[in-house]
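Structure first, then comments.
Throughout, a chain's letter reflects where its sequence line sits, starting with A, and its residues are numbered from 1. Scope of the values below: all heavy atoms of this structure, side chains included, with no hydrogens, waters or symmetry mates.
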Amino acid sequence: MAIAASPGVQVTKPVAAPPAPRTQSSFGRLTRRPETGALAGTVLVFVIFTVLGGSNFISIGGVASWLNVAAELAIIALPVGLLMIAGELDLSVGSVLAASSMTMAIVSGTYGAPMIVGIVAALAVGAAAGFINGLIVSRTNVPSFVVTLGMNFGLAGITLGLSRLITGTTNVPLDPGPFFKGLFGSLIGGQFEVAIFWALGVALLIVWLLQMTPFGNWVFAIGGDKESARATGIPVTRVKISLFMMSALGASLVGIIQTCLYNGAQTSTGQSFVFNSIIAAVIGGVLLTGGYGSVPGIILGTLTFAIVSQGIYTTSLSSDWASFILGALLLAAVLMNNTFRKLALSSGVRAPKIKKA
Amino acid sequence: MAIAASPGVQVTKPVAAPPAPRTQSSFGRLTRRPETGALAGTVLVFVIFTVLGGSNFISIGGVASWLNVAAELAIIALPVGLLMIAGELDLSVGSVLAASSMTMAIVSGTYGAPMIVGIVAALAVGAAAGFINGLIVSRTNVPSFVVTLGMNFGLAGITLGLSRLITGTTNVPLDPGPFFKGLFGSLIGGQFEVAIFWALGVALLIVWLLQMTPFGNWVFAIGGDKESARATGIPVTRVKISLFMMSALGASLVGIIQTCLYNGAQTSTGQSFVFNSIIAAVIGGVLLTGGYGSVPGIILGTLTFAIVSQGIYTTSLSSDWASFILGALLLAAVLMNNTFRKLALSSGVRAPKIKKA
Amino acid sequence: MAEPLLKLTNVGKSYAGTDALADITLQVEPGKVLCLLGDNGAGKSTLIKILSGFHTPTTGTVEIDGQPVVFHSPRDASANGIATVHQYGGTFPLMTVGRSFFVGVEPTKGWGPFKRFDKATANEISVRELKGLGITRINDGNRLVGGMSGGERQSLAIARAVYFGAKLLILDEPTAALGVKEASHVLRIIMQARRKGIAVVFVTHNVLHAMTVGDNFAVLIHGRLADSFAKGERTREEITDLMAGGEAMAELEAEIAQYEQDA
Amino acid sequence: MAEPLLKLTNVGKSYAGTDALADITLQVEPGKVLCLLGDNGAGKSTLIKILSGFHTPTTGTVEIDGQPVVFHSPRDASANGIATVHQYGGTFPLMTVGRSFFVGVEPTKGWGPFKRFDKATANEISVRELKGLGITRINDGNRLVGGMSGGERQSLAIARAVYFGAKLLILDEPTAALGVKEASHVLRIIMQARRKGIAVVFVTHNVLHAMTVGDNFAVLIHGRLADSFAKGERTREEITDLMAGGEAMAELEAEIAQYEQDA
Amino acid sequence: ALTACSPQNGGGSASSTGGTSASNVNLVVIGGASDDVFFSTVKRGIDDAAKVPEASGAKVTYLALKNYDNLGPDVAQLITNALGMKPSAIAVPDWVPTAEDPAIQSVIAAGIPVIIYNAGTWDQASKLGAMTYIGTDEYLAGKAAGEALGKAGSKNASCVNTVPGSTNLEDRCSGVKDGIAETGGTSSELALPATSFGNATAVTQAIKSNLQQNTSIDAVITVGGSDSEAAFAALTQANSTAKFITFGNSTTVDARIQAGTQLAFIDQQPYAQGFYSVSALWQYVAYGLELPTKPILTGPAVITKDNVAAVISGSAAGVR
Ligand SMILES: Nc1ncnc2c1ncn2[C@@H]1O[C@H](COP(=O)(O)OP(=O)(O)OP(=O)(O)O)[C@@H](O)[C@H]1O
Ligand SMILES: Nc1ncnc2c1ncn2[C@@H]1O[C@H](COP(=O)(O)OP(=O)(O)OP(=O)(O)O)[C@@H](O)[C@H]1O
Ligand SMILES: [Mg+2]
Ligand SMILES: [Mg+2]
């Protein structure tokens with residue numbers, strides 16, 4: 001390929017990024033952690049809505065409202081963020097969610113198979129979609145943006161076509177029964193989705209993967225410089241396929257959760273997760289160009305996003321302006337994130353340069 | 001570990017000649033142009049739908065149907081592609097289109113100002129949005145993905161909120177009058193939108209900018225390596241702001257065209273252009289990471305996309321599967337593009353590859 | 001002594017967590033070559049990034065022709081007649097040789113609205129200038145920079161800076177990736193520039209190269225100016241030891257010689 | 001003569017439009033250092049990319065220990081005991097020194113499902129190995145590679161390849177970005193490896209370095225093997241001329257000397 | 001319009017279409033996105049009705065929008081596509097009259113019979129020269145819902161719209177407002193941003209917050225087809241006793257109405273819209289049959305506990 005710079009000639013530019021920790025006070029050390037910027041963004045929007053929404057926003061119901069949204073988003077955004085650290089995008093999570101959810105509803109609802117069979121089938125759909133994404137991306141030179149977008153269209157089409165063929169409708173009800181309802185779709189205290197625990201589980205899993213295992217190191221390396229990573233003998237293909245499978249499985253899990261929560265599945269669900277998961281990761285400090293990001297950052301990103309998109313309903317502002325406020329606050333949160341990071345890093349030093357998309 | 005062929009297989013060695021660029025046939029040179037891959041993709045989908053859609057697809061009406069779609073898409077995809085070559089994304093074109101279109105309808109329809117005033121106002125909205133995008137992206141370290149996405153939400157919100165406030169509705173009619181109808185919204189031969197000529201004009205403008213002017217060189221340089229570009233003294237900020245303004249103005253122009261064509265404006269139009277313009281550029285060979293792309297490529301990309309998305313309607317396939325076919329063909333077109341490019345580039349190699357065991 | 005073209009007073013620079021440079025005072029005169037020497041990580045590139053407007057110093061002042069200046073961007077520096085070849089970068093992998101050579105200073109032909117980038121001229125000049133540096137394999141300005149060897153790319157960046165001329169030419173390890181012939185060409189070019197009255201700042205790890213072209217020498221050790229002297233004031237051994245961060249190199253060389261004998 | 005570890009027969013490689021290498025036949029023996037010399041663009045890096053599995057040759061065969069092999073990826077090469085330091089790259093700007101050092105061969109602690117990346121060990125070893133190469137400013141394994149100087153990064157890549165050992169160590173211009181001290185350390189390391197019976201392929205533009213460590217020499221000119229000889233078979237001047245692509249360097253050196261006198 | 005083809009020209013004067021052999025007949029129906037719950041049911045009607053013409057060798061082609069992101073222009077484009085297929089007759093919803101009407105007029109001008117279905121009005125259809133209008137009036141449907149809420153004693157309704165700006169959903173909400181006003185109540189629209197569309201949890205939590213923020217809300221109505229489960233979950237989580245009405249139904253909706261936890265759903269009978277459109281086109285094109293009753297309204301029907309029993313079997317079969 002003449003287009004891509006060959007590994008030998010690629011110029012290694014020093015990329016200044018979050019800095020060298022030197023021995024300093026623990027507060028100093030805290031301000032230097034890259035997540036601090038993301039935290040600043042979360043705090044900003046939290047404060048704004050506490051002021052605007054008052055007791056509605058910080059009541060149990062108010063907190064549950066953004067926490068629930070954040071939890072489901074995090075289950076997808078965390079593995080998507082991992083994939084982004086490795087330098088790839090996944091735009092197929094929307095259709096994977098819908099496909100998994102419909103699979104479960106059809107297998108266990110329409111055909112009446114035991115719930116566990118439906119769940120395994122749903123996860124299998126996710127695993128397969130992720131595997132195919134990963135395989136095509138690794139084997140060809142096609143950017144993952146296009147491959148997963150193709151998958152998003154294609155899988156949506158298959159889901160719709162098959163659902164109509166099999167059930168004649170796009171809307172399949174399912175009674176998950178008490179056990180699975182409790183496991184995936186119950187509300188703790190009538191307010192907090194059990195998805196919050198699933199999100200915590202996923203977060204722990206991904207923290208462990210990213211920080212504790214060789215695999216995590218490979219993810220950073222692949223995102224940092226794919227050719228150099230290849231040169232060190234990392235099984236790049238295998239790592240990428242695993243990552244695509246993880247993000248697809250995250251989407252499947254949310255599909256299962258929503259199916260249990262709302263007692264059925266619709267073919268048209270899920271597409272908003274495509275962009276939202278990427279936005280959350282970027283707000284959380286994951287570089288779109290790969291090579292950098294952290295789990296706490298992504299979690300803060302999902303919280304910021306959830307607060308911004310849900311907070312307005314706890315205020316007395318007209319919902320006509322919801323979209324405007326969402327846009328403005330997203331930007332403000334990211335700017336805050338950046339500014340804070342700059343401030344924290346510049347003990348008399350210039351801003352770090354982070355490569356942009 | 002594969003074992004190499006036995007020494008006997010050892011083949012015609014390259015005749016040692018100083019590797020001067022070989023004087024090659026003009027066909028050889030053609031196959032080396034990167035657009036050839038994009039052309040292969042376009043030809044592929046064209047052939048498929050000629051076979052499947054038959055006379056419907058290649059009738060005047062059939063051709064007009066994808067040519068019209070391609071023309072409007074190209075007006076946005078070309079400047080968006082330029083921006084992508086410079087390493088930035090613009091996800092705000094959807095709202096810019098809607099905002100421009102509503103501005104025009106409200107100014108010249110609701111308030112009855114002369115059409116030209118409405119058009120200027122619409123373009124001003126586009127220019128302002130692009131300017132703000134460019135300014136924020138250049139002045140802060142926030143990736144354009146987030147900035148323009150924030151703009152997309154924010155501007156959509158303002159458009160909705162203000163329209164409701166001013167007109168009380170989200171749907172404003174406008175009679176453009178014969179002159180402006182003719183200029184922007186007429187159908188030539190009752191079939192071909194005058195937008196096709198606008199698209200040609202935009203294409204010529206952008207070819208000229210990219211290939212003929214120093215500005216074009218700067219765009220490639222900024223996308224190739226922003227820091228090095230800065231080091232050479234290129235006014236990076238000014239270039240980026242211009243580029244964001246161009247993509248926004250492209251969206252405004254399509255807004256004006258659609259308003260004249262369809263005699264009015266709606267707040268909810270335009271969002272499909274956000275992704276479609278990026279997809280078209282990527283199919284046309286523009287690198288998502290910046291630094292590479294061409295106008296003929298982008299045009300072929302928009303044609304491929306338009307053929308795939310409209311072609312299905314000329315066939316007798318069930319529309320349930322439209323989405324699936326879209327996804328599969330997009331992927332096929334890009335794969336074709338890649339494979340062809342690889343083939344074309346390696347055909348120059350004189351010695352055949354050694355056989356692998 | 002000539003009026004200095006460039007004068008640094010107590011310049012320092014810290015990156016978050018590290019002081020890369022402290023308290024640097026030195027000057028460069030027109031028609032002279034200042035060799036900047038020092039170990040890896042001594043702060044040479046940092047100093048050069050300050051001179052070329054990439055970084056603003058944390059402390060201290062920079063004067064040009066006696067006027068204090070603050071460069072906010074590389075543009076400011078080039079506007080002041082400073083041309084820099086950085087240690088890495090400066091070329092664009094996905095652009096053609098001709099385009100990459102002329103980035104920012106594109107030649108045009110035609111006039112008024114018909115003024116356009118003159119590709120033929122750009123290709124011709126870039127190939128010619130590369131030849132002048134001894135790079136003969138690149139004979140088509142349409143080749144992509146990404147497909148050139150490391151030394152070829154380095155030569156392109158040098159050819160570019162030299163071609164467009166400047167009052168002050170800064171070269172950060174220009175000869176590191178170059179073959180013996182190309183390196184000699186670069187040294188020749190430095191000498192030519194010097195003769196034209198251009199001031200040159202030259203970073204190198206090669207003692208021979210430094211001694212061949214240098215008029216003045218400044219040695220950085222751990223971010224501080226450890227020594228500065230004019231040509232002939234130090235022996236080769238002394239210079240070598242200074243370049244090694246002040247450590248005596250004799251021992252290490254003896255060890256290597258030992259291995260050689262074992263062979 | 002020892003059984004060759006690596007043997008190339010008539011190897012050639014063309015990029016679209018260019019023959020970068022043609023008809024290369026050479027061999028590397030255990031415990032010997034093969035210096036690969038040649039002008040910029042001569043094809044040295046291309047040859048090394050073939051040896052390290054980055055490219056498959058267009059023509060010819062590669063044998064290891066007498067067995068023909070085809071490397072489909074760098075993994076295949078490392079599985080065959082080949083460790084390579086490429087001309088650029090090999091480190092990860094956004095990773096810490098400790099993590100970057102151990103990419104692909106991460107140390108773990110704990111067992112079973114509790115096995116986890118051992119950061120402390122990684123940081124400690126990487127800092128220690130850098131010290132061994134003379135890099136003393138990097139004393140915290142948590143520092144980001146992107147914030148290191150050019151030479152520090154190069155040292156990290158070398159330290160890495162050496163630390164993990166191999167039958168065949170390939171170094172593409174490892175000393176180019178290094179200071180005199182660090183370069184000497186690398187030469188010492190090459191000698192140590194050689195003594196352990198490791199075969200080394202060493203690319204350099206520095207005649208002195210080449211003559212210090214080389215046992216055998218192969219000179220590429222325009223992608224072809226122009227000469228190959230053992231230590232002592234050529235004079236320094238002959239080698240210099242060969243490295244300059246076969247051109248006599250005396251003239252160029254005289255020209256530079258002329259400038260020097262003018263000064 | 002050509003008088004010979006104009007359906008207003010009189011009941012059965014279909015002589016111009018005589019002579020058409022069934023195997024050449026191609027009926028084109030343009031409709032909403034296939035993953036839209038409502039249009040999924042419309043399509044069932046179309047598919048079922050198509051069995052008759054297909055048995056005679058005729059063809060029925062359904063052209064679906066891919067999404068509603070660029071509604072007016074996209075439908076106009078589809079109409080042009082349809083015209084390119086040389087259809088015998090076309091059925092199309094008139095969602096955005098300003099955008100679509102020129103295209104519809106050009107179809108009619110080409111002598112091709114047109115039925116406006118699903119969206120539009122008989123006034124509009126007859127002005128264009130279409131044969132008839134089959135469907136409902138979104139505003140009237142909304143109004144019926146508002147009236148039902150008023151009758152049940154609600155004073156302050158929240159009209160949940162997950163696609164703000166979309167003409168038909170806006171019409172429903174303004175209908176609700178006028179309907180409830182008759183009994184002195186008010187209604188406000190709850191507009192959700194695009195980032196929530198298709199995410200039941202985001203919709204749920206937004207409605208819940210709104211209920212908690214504005215405690216005077218005593219009625220919730222969802223105008224989008226896929227938001228009913230989310231809205232109901234919100235009511236539960238907010239411990240709200242607000243009256244609840246949805247547009248469109250499912251087996252779960254039916255069950256809730258039976259159990260009394262949901263007041264009603266507004267039935268537009270989408271199946272009937274598709275079915276009668278195809279039937280009417282086919283009968284006219286093939287045999288010149290045309291019913292003098294115009295328009296054919298398929299709704300709105302308000303399905304409450306009293307009449308829900310009748311719809312349950314249909315819901316289970318996916319035709320409601
Ligand atoms: N962006 C950065 N962030 C943090 N530290 C940095 C950064 N850039 C350089 N440094 C540190 O500053 C010191 C000086 O670096 P500099 O690049 O100036 O060295 P140098 O003299 O050019 O070395 P070399 O000869 O290896 O190129 C080094 O210790 C390096 O690690
Ligand atoms: N990806 C590529 N595409 C096309 N040509 C290439 C590519 N890579 C290298 N070449 C060409 O092949 C020739 C040999 O390049 P190579 O990198 O092997 O040289 P080298 O001997 O390592 O030079 P240096 O000493 O400058 O590193 C050069 O002329 C170069 O331009
Ligand atoms: Mg340096
Ligand atoms: Mg090389």
Side-chain angles (χ1 to χ4, degrees), chain A residues 53 56-57 59 61-62 64-66 68-69 71-73 94 98 156 159-161 163-164 167-171 173 187 190-191 193 195 254 257-258 261-264 266-273 275-276 279 305-306 309-316 318-323 325-327, chain E residues 33-41 43-44 47 64 66-67 158 160-161 164-165 188-202 204-214 225-226 228-230 232-234 236-239 248 250-253 255 315-320:
Chain A
N56 285 322
F57 180 70
S59 68
S65 112
W66 47 266
N68 290 343
V69 171
E72 289 181 15
L73 183 56
T159 308
L160 179 70
S163 304
R164 292 181 51 92
T167 69
T169 155
T170 57
N171 192 340
L187 293 170
Q191 290 287 347
E193 286 181 16
V254 174
I257 288 173
Q258 290 202 342
L261 258 173
Y262 303 107
N263 308 310
Q266 293 180 324
T267 53
S268 61
T269 53
Q271 292 304 332
S272 61
F273 282 98
F275 255 152
N276 294 358
I279 300 171
F305 184 83
S309 65
Q310 296 299 315
I312 179 154
Y313 302 107
T314 64
T315 71
S316 51
S318 159
S319 62
D320 285 355
W321 300 94
S323 196
I325 291 169
L326 180 72
Chain E
S34 319
D35 58 356
D36 172 335
V37 193
F38 186 88
F39 264 93
S40 166
T41 319
K43 178 116 195 298
R44 280 293 295 272
D47 290 346
K66 288 199 188 61
N67 52 52
S158 175
V160 180
N161 185 352
S188 57
E189 180 175 332
L190 183 68
L192 272 79
T195 48
S196 300
F197 185 78
N199 181 357
T201 300
T204 302
Q205 299 305 328
I207 298 171
K208 184 193 79 180
S209 298
N210 187 47
L211 286 170
Q212 287 174 337
Q213 197 273 327
N214 193 343
S226 49
S228 54
E229 297 313 312
F232 185 70
T236 317
Q237 289 177 37
N239 271 326
S250 64
T251 47
T252 3
V253 166
S315 303
V319 300
R320 282 201 97 96

- request: Count the heavy-atom pairs under 4.5 Å between each of T267(A), N276(A), T169(A), N171(A) and chain E, then report the option with the highest count.
  value: N276(A)
- prompt: Quick one: what part of T315(A) sits under 4.5 Å from any heavy atom of chain E, side chain, backbone, both or neither?
  reply: backbone
query: Which heavy atom in S65(A) sits nearest to a heavy atom in Q205(E), and how many Å separate them?
result: CA-OE1, 3.1 Å
message: Could you walk me through whether E193(A) and T204(E) satisfy the side chain to side chain contact (heavy atoms under 4.5 Å, CB included) test, starting with their C-alpha distance in whole Å, then the side-chain angles of each, then the deciding distance to 0.1 Å, before giving a yes or no?
response: CA-CA 12 Å; E193(A) 286 181 16; T204(E) 302; over 6 Å; no
- prompt: Highest number of heavy-atom pairs under 4.5 Å with chain E: which of T269(A), N263(A), T170(A)?
  reply: T170(A)
task: Let me know which of I312(A), T314(A), N56(A) forms a side chain to side chain contact (heavy atoms under 4.5 Å, CB included) with S209(E).
output: T314(A)
- prompt: Side chain, backbone, both or neither: which part of Q191(A) has an atom under 4.5 Å from a heavy atom of chain E?
  reply: both
- prompt: Pick from S188(E), P193(E), A191(E), G198(E): which one has the most heavy-atom pairs with chain A under 4.5 Å?
  reply: A191(E)
query: Considering residues at least two apart in sequence or located in another chain, which fulfil the side chain to side chain contact (heavy atoms under 4.5 Å, CB included) criterion with S318(A)?
result: D320(A), W321(A)
field: By ring-ring contact (aromatic ring centres under 6.0 Å, His included) - contacts of F39(E) (at least two apart)
entry: W95(E)
message: Can you tell me which portion of A195(A) sits under 4.5 Å from chain E's heavy atoms? Options are side chain, backbone, both or neither.
response: neither
message: With rounding to the nearest 0.5 angstrom, report the OG1 to CD1 distance, T195(E) to I279(A).
response: 7.0 Å
message: Tell me which of these, S226(E), A233(E), A238(E), has more heavy-atom pairs under 4.5 Å with chain A than the rest.
response: S226(E)
task: Applying side chain to side chain contact (heavy atoms under 4.5 Å, CB included), run through E229(E) and Q266(A) and close with a yes or a no.
output: CA-CA 11 Å; E229(E) 297 313 312; Q266(A) 293 180 324; 5.9 Å; no
task: Check the pair E189(E) / S319(A) against side chain to side chain contact (heavy atoms under 4.5 Å, CB included), numbers first and verdict last.
output: CA-CA 8 Å; E189(E) 180 175 332; S319(A) 62; 5.7 Å; no
- prompt: Pick from L190(E), N210(E), T251(E), T41(E): which one has the most heavy-atom pairs with chain A under 4.5 Å?
  reply: L190(E)
Chain E contact via Y262(A) - side chain, backbone, both or neither, heavy atoms under 4.5 Å: both
statement: Heavy-atom closest pair (A206(E) atom, Q310(A) atom, distance to 0.1 Å) is N-OE1, 3.1 Å
query: Which of the residues G168(A), A322(A), S323(A), G190(A) is involved in the greatest number of heavy-atom pairs with chain E at under 4.5 angstrom?
result: G168(A)
